[in-house]
There are 2 protein chains.
Amino acid sequence: MATVIPHSPPEQRIARRSLHDEVVERLRDLIVEGELEPGKRVPERVLCERFGISRTPLREALKVLASEGLVELLPNRGAVVAPLTVTELDEIIEVMVTLEGLAGMLAASRMSDAAISEVKALHYEMLACHARADLHSYFKLNQAIHLAIIAGAGNATLVQTYGALNGRVRRFRYMANLSGERWDHAVAEHDEILSALTKRDATLLSRLLSDHLRNKYQHLKQAYQAGVEAAE
Amino acid sequence: MATVIPHSPPEQRIARRSLHDEVVERLRDLIVEGELEPGKRVPERVLCERFGISRTPLREALKVLASEGLVELLPNRGAVVAPLTVTELDEIIEVMVTLEGLAGMLAASRMSDAAISEVKALHYEMLACHARADLHSYFKLNQAIHLAIIAGAGNATLVQTYGALNGRVRRFRYMANLSGERWDHAVAEHDEILSALTKRDATLLSRLLSDHLRNKYQHLKQAYQAGVEAAE
DNA sequence: GGCTATCATTTTGAATGCAAAATTCAATGG
DNA sequence: CCATTGAATTTTGCATTCAAAATGATAGCC
């Protein structure tokens, strides 16, 4: 019995999109982009009507998203968009920090020059957004840079694992209203990151990426908790 | 809009087991324990009969397991038990090594004395199995020790993430026929691990756990590739 | 007036049914 | 004899249906 295949086949990805997969993706987007409020119940009926499908593929999609941690299924009581406790958030970030570190370590040696150039291009686009104070585009490019480096590690499992965690926290991370000072600091960190990547300094890149995410989250959390207290 | 809940609720886990969850678990076990051969097609019909259920909950379970990477769904062509390429295996281990390192770092400071004592007990049970050359029980206890340390990190997300990856490779890891020398070495590494944990030396424990997994896999892979070549 | 109990309605969990795609297998032609 | 084609059968994808649980509403009681 061969449990492991000696080397991977070409793996064409032409696979026709099933209705089920379509729904998983669209529903995931709705949740990740924050269009569906966390903690709110999501009756199957309204989603069916929204997507124009029957309950069977919708329920399949809900189970999948539940296993990803994006929705919570209450037995006999339907689905709710999974709320994040700060504890869970801390935990997820802790793991993501580690994975970013791994990505940096690997990407430094494995990324092609072309891929590094692309990151550089994204970086300068991001600087442009910073200069224009275009927060939304800045976030998009920021994410793109991080995902590019993760992908640059050449480890599909890492990409997938990171992606699953990222999906759970992205909603929260977009909430940040960067103060000018913090924003400048984040940009400075990104400069260092790009520099380390260009020099292919694995240890440094790894540390910078980990620290960057830790810092980003630290400030996000402070801002959030200040907001909570102000609201009370 | 509160995206994050300030602190976590008691979170009672009395939830009645739905038929769907039951099937996910049983099917996962069948795959992880190697009872279903990788790469083999799994017609819905035979699984339905095996579990005595209809296709609806079974199909839901298949989608979930597909999202965990344990089965592959070929559109209109059913499910196959996901085969592991050596590339994927390398990737998964790379991530698991990192996560073990994180677990060690955290567990060293966060585990309770009682939890450490339990690990110690498992360790000595494992030594007994080593002495008796009881490989199967040894593997079980080995897994239990690693899972206990991962759990000792006090990070549910880490447990879940590690568990998902572990499920994909466990089948393969059990295949190992440890040579006497390698087995002795693994036991020696475990001694060091227990010592570092007892001393709560985070850095050391982290490094030992990472190295241990890397070594274990390295040898497993060599043995496997030797086996493949011998079979040719 | 407020609270509980009972019943109607809605919603979920799972089985069944139906159409489309894939697989099987036999027959035909080279 | 082997390859190819095409119908019969099986299998999958999704919709529909049915039963059980939960929700909401109304009436009765304190």
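What you see below is based on every heavy atom in this structure, not just the backbone, and it leaves out hydrogens, waters and symmetry mates. Letters A, B, ... are given to chains in the order of the sequence lines, protein chains preceding strands, and every chain is numbered from 1.
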Chemist: Could you state the atom-to-atom distance from CZ of B/F51 to C1' of C/dA15 in whole Å?
Modeler: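 That distance rounds to 18 Å.
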Chemist: Of the candidate nucleotides D/dT23, C/dA14, D/dA15, which contains the atom at the shortest distance from the side chain of B/S54?
Modeler: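 Side chain of B/S54 sits closest to C/dA14.
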Chemist: Side-chain contact, heavy-atom cut-off 4.5 Å: B/V81 with B/E37?
Modeler: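 Heavy-atom side-chain distance check fails, nothing below 4.5 Å.
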Chemist: How close or far is atom C1' of C/dT11 from atom CZ of A/R55, stated in whole angstroms?
Modeler: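 Whole-Å distance recorded here is 7 Å.
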Chemist: Atom CG of A/L74 to atom P of C/dT11: distance rounded to whole Å?
Modeler: 16 Å
Chemist: Do B/L209 and B/H146 have side chains that approach each other closer than 4.5 Å (heavy atoms only, starting at C-beta)?
Modeler: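 B/L209 reaches B/H146 side chain to side chain.
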Chemist: Working note: A/S18 + A/D21, criterion side chain to side chain donor-acceptor pair (under 3.5 Å); need CA distance, chi angles, decisive distance, verdict.
Modeler: CA-CA 5 Å; A/S18 77; A/D21 282 317; 3.3 Å; yes
Chemist: Tell me the interatomic distance from B/R45, atom CZ, to D/dT10, atom C1', rounded to whole angstroms.
Modeler: 9 Å
Chemist: Name the closest nucleotide to the B/P43 side chain, picking from D/dT12, C/dT11, C/dG13.
Modeler: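 From the listed options, D/dT12 comes nearest.
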Chemist: Which whole-number value in Å describes the distance from A/D21 CG to D/dT12 C1'?
Modeler: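 Computing the A/D21:CG to D/dT12:C1' distance gives 14 Å.
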Chemist: Report the residue from B/N142, B/I145, B/I193, B/L141 that forms a side-chain contact (heavy atoms from CB on, under 4.5 Å) with B/H123.
Modeler: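 The passing option is B/I145.
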Chemist: Could you tell me how far apart A/E44 (CD) and C/dT10 (P) are, to the nearest whole angstrom?
Modeler: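 Going from A/E44 (CD) to C/dT10 (P), I get 16 Å.
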Chemist: A/R77 and A/E44: salt bridge (Lys or Arg N to Asp or Glu O under 4.0 Å), yes or no, with the steps?
Modeler: CA-CA 11 Å; A/R77 298 179 58 208; A/E44 296 176 3; over 6 Å; no
Chemist: Select from A/L19 and A/R41 the residue whose nearest nucleotide in DNA chain D is closer to the 5' end of that strand.
Modeler: A/L19
Chemist: What's the closest nucleotide to the B/T56 side chain, out of C/dT16, D/dT12, D/dA22?
Modeler: C/dT16
Chemist: Output the single nucleotide from D/dT12, D/dA15, C/dA14 whose closest atom is nearest the side chain of A/P57.
Modeler: D/dA15
Chemist: In whole angstroms, how far is the P atom of C/dG13 from the CG atom of B/L58?
Modeler: 17 Å
Chemist: Please confirm whether the shortest side-chain N or O distance from A/R77 to OP1 or OP2 of D/dT23 is below 4.0 Å.
Modeler: yes
Chemist: Round to a whole Å and report the spacing from NE2 of A/H20 to P of D/dC14.
Modeler: 9 Å
